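So the structure is just underneath, and the comments pick up after that.
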Amino acid sequence: MTALALELCGIEKRFGATRVLRGVDLDVHAGERHALIGPNGAGKSTLFSLIAGERRASAGRIALRGADVTRLTSAALARRGLARSFQSTSVFAKLSVRDNLRCAMLASLGGGAGLTARWFGSSRAAKQIDARATGLLDALDLSHVANHAAAALSYAQQRALDLGLALAGGAHTLLLDEPTAGMNRAEAARAIDLIRTMTAGKTVLLIEHDMDAVFGLADRVSVLAQGRVIATGTPAAIRANAAVREAYFGTPTGAAGASDE
Ligand SMILES: Nc1ncnc2c1ncn2[C@@H]1O[C@H](COP(=O)(O)OP(=O)(O)O)[C@@H](O)[C@H]1O
Ligand SMILES: [Mg+2]
C-alpha cells in the first residue's frame with residue numbers, strides 16, 4: 001500500500017447557486033509530484049483553497065497523512081506541515097529577502113509570542129535560523145539579493161522567494177499554484193529545476209498550465225474538468241487520454257473517465 005499524503009473524497013464547493021466542484025476524488029502519494037491540470041475556471045485554485053483550509057468545502061472529506069483535516073484552519077494545517085504558494089506573490093514587500101525567510105521560519109515554530117520571544121532572546125537559536133536562511137538563499141540563487149527589499153526583486157526571483165517561504169517553514173506537503181505563471185520560457189525552465197531540486201523527498205501538488213513543465217516534473221497528473229477529476233495517470237498516459245483531449249480540445253471521444261491507475 002502506498003502511503004497517502006493527501007486524500008480528497010467527494011469534495012464539493014458551491015458559490016451561491018454555482019457548483020464549481022462536484023465531487024472531487026484525488027489521492028496524492030507521499031513523496032510524489034502530482035500536477036493538477038484543467039481548463040481555466042475549472043476550480044483548481046478553489047480546490048487548493050479548500051485543501052489549505054482557507055475556505056470550507058460544501059461537502060466531502062480531506063485527509064492529510066491519514067488524518068481527517070476537513071475542518072482545520074489554514075494555521076492548523078500549516079502547523080501540520082502543509083504549505084501553499086499563491087498564484088500571485090505573498091512576500092512582505094518591505095522586508096529584506098533574508099528577513100522574509102527568517103519570518104517564515106519563526107512563524108513555523110508556533111507556540112505563540114512567548115516562544116518567539118524566547119527564540120529571539122536565544123543567540124544559539126538565532127544563529128540556527130540565520131544558518132538555515134543562508135542555506136536557503138544559496139539554494140534559491142538569491143544570496144546576491146539577500147539584503148534587498150523583497151519588492152525590489154524581479155518577478156521570477158519573487159516566485160523563488162515564495163517557494164523558499166513555503167520550504168522555510170519545514171512543510172512536508174506543498175501546494176504550488178501556477179509556479180511558472182508570468183515567466184518567459186527560460187525563467188519557467190529554471191523555476192521547474194528549482195522546484196525539482198528544492199522539493200526532493202517532499203510531496204508536491206501543483207497547478208500548472210505549461211505542459212512542458214508538467215511533463216518534465218510530475219510523476220502523475222490529474223485532470224480537473226466539469227467539477228471532477230476526470231483522469232489520473234502518468235504524464236504519458238494523460239497525454240494520450242481521449243477524455244483529456246476532449247476537455248482541452250473538444251474532440252469527440254468514447255473514453256470519458258479513463259484512468260491508467
Ligand atoms: N469567491 C468566489 N465566489 C464566486 N465564484 C467564485 C469564487 N472563486 C472562484 N469562483 C468561480 O469558481 C470557478 C473556478 O475558479 P478557479 O478555482 O479560480 O478556477 P481555476 O483555478 O481552475 O482557473 C470560476 O468560475 C470562478 O469564477
Ligand atoms: Mg487558478
Side-chain angles (χ1 to χ4, degrees), residues 1-13 19-52 60 62-63 84-85 87 163 173-183 185 188-261:
M1 197 193 84
T2 317
L4 292 182
L6 268 174
E7 188 179 10
L8 311 184
C9 293
I11 295 295
E12 298 186 18
K13 183 63 185 176
R19 288 177 75 204
V20 175
L21 301 175
R22 298 162 175 256
V24 171
D25 297 318
L26 178 67
D27 287 348
V28 180
H29 301 161
E32 85 169 327
R33 299 192 179 96
H34 197 121
L36 184 65
I37 66 173
N40 250 331
K44 304 179 297 295
S45 294
T46 300
L47 187 63
F48 266 27
S49 71
L50 303 181
I51 299 170
I62 303 172
R84 168 180 193 185
S85 82
Q87 215 165 325
L163 175 65
T173 301
L174 295 149
L175 307 178
L176 307 178
D177 194 344
E178 300 198 29
T180 68
M183 294 184 185
R185 295 216 70 76
R190 253 197 55 71
I192 290 299
D193 279 347
L194 198 57
I195 291 168
R196 187 184 297 109
T197 53
M198 298 294 291
T199 63
K202 298 180 188 293
T203 305
V204 178
L205 178 61
L206 85 157
I207 297 170
E208 183 55 70
H209 282 297
D210 181 328
M211 285 301 129
D212 290 342
V214 169
F215 290 109
L217 185 67
D219 301 306
R220 293 195 304 157
V221 181
S222 286
V223 185
L224 188 67
Q226 293 103 40
R228 290 193 183 86
V229 171
I230 60 164
T232 292
T234 62
I238 289 297
R239 207 198 291 262
N241 184 304
V244 175
R245 286 168 186 260
E246 181 174 18
Y248 271 106
F249 308 116
T251 52
T253 171
S259 166
D260 75 341
E261 275 190 312

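Note that this is a predicted model, so its numbers are computed, not measured. Below, all heavy atoms of this structure are taken into account, side chains as well, without hydrogens, waters or symmetry copies.
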Please find the pair of heavy atoms, one from [X] and one from [Y], that lie closest to each other, and give the distance.
| X | Y | answer |
| --- | --- | --- |
| G43 | V20 | CA-CG1, 3.7 Å |
| V229 | S222 | CG1-CB, 4.0 Å |
| F48 | I207 | CZ-CG1, 3.5 Å |
| I51 | L6 | CG2-CD2, 3.8 Å |
| I11 | G60 | CD1-C, 3.8 Å |

Counting C-beta onward and ignoring hydrogens, is there a side-chain heavy-atom pair between [X] and [Y] closer than 4.5 Å?
| X | Y | result |
| --- | --- | --- |
| Q226 | R22 | no |
| P179 | L163 | no |
| T180 | I195 | no |
| V28 | T173 | no |
| M211 | I37 | yes |
| D210 | M183 | no |

Residue list, side-chain contact (heavy atoms from CB on, under 4.5 Å) with [X], at least two apart or on another chain:
| X | answer |
| --- | --- |
| R190 | D141 |
| A63 | E7, R61 |
| A52 | E54, L82, R84, L175 |

To the nearest 0.5 Å, tell me how far [X] [atom1] sits from [Y] [atom2].
| X | Y | atom1 | atom2 | result |
| --- | --- | --- | --- | --- |
| L224 | L21 | CG | CG | 6.0 Å |
| D177 | E208 | CG | CD | 9.5 Å |
| E246 | N241 | CD | CG | 10.5 Å |
| L26 | L205 | CG | CG | 6.0 Å |
| T199 | R33 | OG1 | CZ | 4.0 Å |

Taking [X] for its side chain and [Y] for its backbone only, find out whether a donor-acceptor pair lies under 3.5 Å.
| X | Y | answer |
| --- | --- | --- |
| R220 | T232 | no |
| T234 | A237 | yes |
| K44 | P39 | yes |

Please list, chain by chain and in numerical order, all residues satisfying salt bridge (Lys or Arg N to Asp or Glu O under 4.0 Å) with [X], sequence neighbours excluded.
| X | value |
| --- | --- |
| D25 | none |
| R239 | none |
| D212 | R185 |

Matching residue for L8 among D27, L50, L47 - test: side-chain contact (heavy atoms from CB on, under 4.5 Å): L47
